[in-house]
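Taking it in order: structure first as structure tokens, then the write-up.
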Amino acid sequence: MKMSQMMRKVIGYQWGLYTLSAVGWLLFHAWPLLPGLVAKAYFDRMEAGPAGKGVVVWFALLAVAVGAGRALVTLGGIYFHLPYRYRVQKLIQGNLLHRVLARPGARALPATVGDAISTLRDDVNTVMDAVDLSFDGLAGLLYAGGCVAVLLGVDWQVTLLVFVPIGLVIGLAHAVRVRQVKVREESRASTARLTGALGEIFGGVQALQVAGAEGRAVGYIRALGDARQAAALRERRQALTLEAVFENTAGLGAGLVLLVAAGKIAAGTFSVGDLALFTGYLVDVAGFTGFLGFIINTYRQGGVSLGRLVGLLQGAPAERLVAVEPGGAPGSAGVARLERLEVRNLTCRPGASDRGITDISFAVARGSFTVITGRVGAGKSTLVRAILGLLEPQAGEVRWNGERVERLEPPRVAYTAQVPTLLSGTLRENILLGWPAAPGALDRAIRSAVLEQDLAGFPQGLETPIGTRGLKLSGGQVQRTAAARMFVRDAELLIFDDLSSALDAETEALLWQRVRERNATCLVVSNRPGALALADQVLHLEEGRLVSGTY
Amino acid sequence: MQTYGGFLRRYLAPQAGAVAAMAVLLLGSIGLQLAGPQVIRRFIEAGTPGRAALPELIQWAILFMVVTTAARAVRAMAAYWSERVAWAATNALRIDLLDHLLRLDLSFHKDRTAGELIERVDGDTGALAGFFSRMVVQFLGSGLLMAGILVSLALIDLWLGLGFAAFIILTIMLLNWLRARSVPRRAAAREKQAQVYGLLSEVLSATEDLQSSGAGAHALRRFTERLQEWFPAHRVAELSGSLVWVAGLAAFAAADGVAYLLGGRLFLIGRISLGTLFLVAAYAGQLAQPIETIRREMQELQRAGAGLARVRELFAIRPRVAEGSGLLPAGPLGVAFQGVSFAYEDGVPVLDRLTFGLAPGQVLGVVGRTGSGKSTLARLLVRQIDPTGGRVLVGGVDLRTLAFSSLRSRVAMVTQEVQLFAATLRENLTLFDPSVPDERLRDVLAQLGLGAWSLDAQVAPGSLSAGEAQLLAFARVFLGDPGLIILDEASSRLDPETEARLDEALSRLLDGRTAIIIAHRPATLRHAHAMLEVTSA
């Protein structure tokens with residue numbers, strides 16, 4: 001998608017508020033026509049000969065009124081611009097997040113979390129800045145047209161000289177166009193690298209502290225910071241040079257006006273009022289050509305940022321960025337009683353490595369208990385992730401009662417990851433995550449997860465806030481909270497990825513006993529005897545292949 | 001202003017040369033800007049009917065072009081130099097802040113998301129960038145330009161100069177008052193914004209859990225709610241900030257009015273020529289730029305003020321775990337807990353007067369139900385937290401008296417949760433220490449049966465299985481020479497076969513070292529010489 005298409009879509013989305021704010025900004029930009037005319041009238045009146053003192057008072061009041069008027073229309077424009085901008089931001093960020101959440105969950109982002117945040121925050125803003133320039137550009141045309149009309153009326157020869165520098169400016173802008181996008185991209189990329197690395201460092205702060213590696217992490221960031229500084233300065237140097245040339249072209253134009261007017265003044269056909277009008281407008285035109293440079297620059301930055309937004313869409317059509325109905329909530333509902341889950345020739349190699357799973361086939365019958373075993377790196381987690389649709393398989397399929405499915409989610413299937421992630425918030429929020437639980441379901445889920453004793457120990461019970469990523473909870477408590485989150489969804493099939501690894505033998509036995517009481521179908525990754533003892537079927541993985549399936 | 005002083009001295013002093021260059025360039029551009037209208041005045045006077053001389057007019061016109069071009073070029077250079085100073089200063093501040101934050105303990109980090117801290121370290125310091133460079137010199141520069149204009153006007157007529165001086169003072173007072181009103185509003189808006197991106201970073205880190213819990217829509221809803229909470233604060237902050245700018249615009253127009261009034265009266269009584277009246281109006285117009293600059297810098301100042309306040313707040317947080325200066329002895333380290341109590345929240349003790357001892361070279365197994373405080377015991381030993389009562393001794397020394405460098409190099413820990421970085425395997429192993437030779441790294445990997453791994457391979461989140469991540473964490477410990485090793489459920493995610501292989505390597509590692517192994521499975525505790533069972537509190 002091009003920046004111009006994006007612009008049309010965004011404006012179309014909120015055209016009412018956009019128009020109101022555009023009118024405000026248009027008036028803001030075109031307003032300087034008025035003080036120029038007041039100045040010409042004033043000097044012409046002064047040059048014309050004796051005047052009363054009341055005349056200067058009236059001119060002074062007129063000048064103040066013109067300024068106050070501009071202030072008012074500008075405030076009006078800002079007043080409408082804020083909600084317009086907010087709604088567009090909400091739309092774009094919401095759509096991006098929607099898309100990320102619709103991606104296979106274990107491969108939702110193209111790079112680091114920090115990188116994605118930088119795109120969602122800075123690039124979205126840059127694109128919106130570029131869209132906003134549409135009314136600035138329009139206002140510029142209006143204002144420049146007004147200026148030219150007035151000046152042509154005063155003196156057409158002198159006026160034509162104003163266009164020479166403006167023509168130069170536009171030609172120059174095209175000449176440096178190619179290079180500027182590259183410099184901008186470098187600068188953005190180096191910022192993304194820095195924020196990405198900062199996110200990594202803060203995410204792993206405990207590992208760094210325990211190893212005493214804080215100083216080295218700082219050194220790592222320092223190097224990235226220096227690289228960004230160099231890239232940003234290169235970008236600024238170019239932008240400032242361009243800006244200076246833009247503005248000075250108009251400044252030279254003003255000098256040319258003086259040169260051409262010299263003859264006319266000597267001949268008495270060019271008044272001081274005319275000169276006031278010309279120099280007044282030229283100062284504004286100079287400002288505006290500088291602004292034109294800024295517009296072109298921001299528009300290009302917008303193009304670069306738009307590319308990054310499309311990158312975060314990861315293959316979805318670019319129109320999705322501004323789609324008002326992004327196509328239902330991520331995830332799909334649809335209850336279906338499980339009769340049989342079939343996995344056929346499933347191959348999945350996440351990342352570029354050849355590790356992963358190859359050609360796995362098996363079936364799970366209703367009410368059965370299947371255990372997947374195997375060594376570290378054998379592909380156990382990859383297998384369950386591929387079944388769930390958290391990873392995209394390269395080949396093969398998963399069939400739910402014979403029907404091919406790409407993602408398995410509650411209420412069909414619920415899952416507890418090997419390393420669950422909790423969010424900030426209360427325990428209740430973390431277990432429910434917005435799930436409309438039936439009455440009593442929450443208590444049952446907590447009991448199944450053997451969490452009730454821990455809960456009794458928290459003074460605030462379910463309303464206990466847990467810190468970032470549940471740090472105040474012990475490892476076992478985090479896993480059992482995630483298990484409760486799974487149970488509360490009353491799914492047909494439960495998938496556990498090594499749930500027991502943070503549980504003592506006693507708790508684990510209790511947990512399996514309670515799972516059996518639920519009569520759910522289970523698919524369990526585990527190497528523990530407790531789980532294996534319950535198995536109707538054991539699948540043993542070696543280097544990504546199924547080497548034996550015993551019943 | 002005083003609060004800014006300390007920051008200025010600290011971060012601008014190292015680049016005194018660049019700051020001086022920036023100041024000289026700005027002064028030069030001011031002089032050239034004052035000269036422009038004087039040239040036009042001469043031009044008009046030379047063009048007065050009756051004495052018009054074409055060559056003289058052309059001479060003034062050319063001079064005008066030269067002066068404008070020079071003024072613009074010098075201004076661009078000054079702007080570039082100030083950017084350079086700003087970048088160097090904020091980079092230095094950012095590094096200091098990062099360094100400080102990394103020294104804060106678990107009590108700080110457990111309540112903050114990575115996204116929130118990125119916003120602090122990168123967002124807030126970015127807002128300070130303007131403050132470091134342009135602020136002072138441009139404030140000064142604009143002040144001097146204004147003074148130059150006022151002196152030029154006073155030389156024409158004293159009352160003219162005084163009139164404009166009064167006008168400027170009133171304008172600046174108005175702008176200042178408006179600015180002061182908007183600072184707290186902006187701080188509130190930024191706080192809300194940090195919450196938006198804090199939530200976002202959590203959601204983006206939890207995509208796997210959200211999808212498999214069918215909670216994608218819920219996450220989107222929460223995000224929208226946060227945005228909705230942010231907007232009213234943002235709107236109030238932006239409107240009150242814009243008022244400062246808009247008031248500046250109005251004042252700029254009013255300056256024309258003052259020129260028409262005061263200059264016009266002087267012209268009407270014959271005190272000044274038409275050319276000089278033009279000069280007065282041109283200077284009044286030129287006042288717009290310093291007023292505008294001061295307005296803009298004030299806006300930067302409000303952003304910087306809010307950012308600075310938060311940065312100072314962060315700098316003011318002292319780690320609850322304070323560093324001592326003692327050193328640990330070489331060789332295996334004994335451990336002693338003397339009546340140690342700990343509670344994450346008041347009234348909910350996790351450990352209550354725990355006392356035990358462990359001789360150097362011994363291996364202690366710790367068992368207990370989940371949530372009984374086993375991990376707390378480990379966190380106390382590496383000083384992620386300090387006991388609320390009693391003492392923890394390692395090598396006979398109270399941990400609180402030790403230098404961190406000594407503690408970190410002599411006490412190592414492997415936990416169930418392994419923190420990986422999106423960097424190369426080498427960087428993940430050495431934690432960004434380039435001085436560790438590759439030979440040594442390959443040797444350790446081979447010991448753990450990971451000899452096939454490439455050191456240059458990029459470790460991305462999710463590219464290693466949880467078990468592989470645990471092996472990597474072991475490799476980190478194998479690289480050092482600790483006297484005390486703590487394994488907190490460190491092999492819980494390994495299959496029996498891998499665990500057996502690790503076991504062999506572990507026997508060699510534990511030889512001649514003290515160790516505490518926390519596990520809930522007896523099998524893992526084969527190395528233990530003694531056992532400790534922890535029950536709730």
Side-chain angles (χ1 to χ4, degrees), chain A residues 56 59-60 63-64 67 71 74 78 82 86 101 105-106 108 112-113 198-200 202-205 207 210-214 216 218 220 225 229 236 240 244 248 251 255 258-259 262 265-266 329-331 351 375-376 409-410 415 418 421 423 433-434 454 467-468 471 474-476 501 504 527, chain B residues 47 52 54 57 61 64-65 68 72 76 80 83 87 91 99 102 109-111 113-114 117-118 202 204 206-209 211-218 231 235 242 246 250 253-254 256-257 260-261 264 370-371 382 408 413 416 419 421-422 431-433 463 466-467 492-493 495 497-498 520:
Chain A
V56 293
F59 269 107
V64 172
T74 310
I78 295 171
L82 286 169
Y86 161 65
L101 290 170
T112 62
V113 171
L198 274 176
E200 290 291 307
F202 283 126
V205 64
V210 170
E214 302 98 317
R216 296 199 294 269
V218 170
Y220 180 63
Q229 176 178 343
R236 288 300 296 152
L240 284 169
N248 196 48
L258 289 188
L259 264 184
I265 283 189
R375 293 176 47 173
V376 164
E409 290 176 14
Y415 159 74
Q418 192 176 22
T421 308
L423 308 179
L433 284 181
D454 308 71
T468 307
L471 261 180
S474 76
S501 64
D504 56 273
N527 288 316
Chain B
L54 195 55
L57 282 171
F64 177 77
M65 281 195 266
T68 357
R72 198 59 199 78
Y80 176 70
E83 296 262 351
W87 272 101
N91 257 356
D99 191 53
L102 288 184
H109 286 285
K110 74 176 186 311
D111 292 331
T113 61
L117 291 178
I118 293 176
E202 282 200 345
L204 294 179
T207 48
E208 180 170 350
D209 292 62
Q211 180 187 328
S212 59
S213 301
H218 171 69
F231 179 65
R235 183 178 207 161
S242 304
V246 165
D256 285 344
Y260 294 164
L261 184 70
T370 82
V382 292
R408 304 300 190 213
M413 177 162 83
Q416 183 181 25
Q419 290 175 314
F421 302 90
L431 293 172
F432 310 105
D433 183 357
S463 70
S492 61
R493 291 191 170 124
D495 57 283
E497 216 171 315
T498 309
H520 41 247

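Side-chain atoms are counted along with the backbone in the values below, which use heavy atoms only and exclude waters and symmetry mates. Every chain is numbered from 1 and lettered A, B, ... according to where its sequence line falls, protein lines coming before strand lines.
Using cut-offs of 30° and 60° on the angle between ring planes, the pair A/Tyr86 and B/Phe231 is parallel.
Between chain B and the residues A/Leu433, A/Asn527, A/Ile78, A/Val56, the largest count of heavy-atom pairs under 4.5 Å involves A/Leu433. Most heavy-atom pairs under 4.5 Å with chain B: of the set A/Val64, A/Leu82, A/Leu198, this distinction falls to A/Leu82. Each of B/Asp209, B/Val382, B/Leu204 has some count of heavy-atom pairs under 4.5 Å with chain A, and the biggest count is that of B/Asp209. Options B/Ile118, B/Thr68, B/Asp256 differ in how many heavy-atom pairs under 4.5 Å they form with chain A, and the most are formed by B/Ile118.
Between the A/Arg216 side chain and the B/Leu431 main chain, a donor and an acceptor come within less than 3.5 Å of each other.
The side-chain contact (heavy atoms from CB on, under 4.5 Å) test with B/Thr207 singles out one residue from A/Val113, A/Leu101, A/Thr421, and that residue is A/Leu101.
Here the closest non-hydrogen pair linking A/Pro410 and B/Ser213 is CG-C, 3.5 Å. Considering all non-hydrogen atoms of both residues, B/Asn91 and A/Gly225 come closest at ND2-O, 3.1 Å. Heavy atoms only, all atoms of each residue included: A/Ala60 and B/Gly257 are closest at CB-O, 3.3 Å. Nearest heavy atoms, A/Gly204 versus B/Phe421: O-CZ, 3.7 Å. The two atoms that bring A/Gly255 and B/Phe64 nearest to each other are CA-CD2, 3.8 Å, heavy atoms only. The heavy-atom pair separating A/Gly203 from B/Ala114 by the smallest distance is N-CB, 4.2 Å.
A distance of 5.0 Å separates OH of A/Tyr220 from CZ of B/Phe432, quoted to the nearest 0.5 Å. In this structure, CD on B/Glu83 lies 6.0 Å from CG on A/Leu240, to the nearest 0.5 angstrom.
Inspection of the B/Glu208 and A/Tyr415 side chains reveals an N or O donor paired with an N or O acceptor under 3.5 Å.
Contacts between B/Asp99 and chain A at a heavy-atom distance below 4.5 Å involve backbone atoms as well as side-chain atoms. Contact of B/Tyr80 with chain A is made through backbone and side chain together, with heavy-atom distances under 4.5 Å.
For B/Arg408, there are no salt bridge (charged side-chain N to carboxylate O under 4.0 Å, His left out) partners, not counting sequence neighbours.
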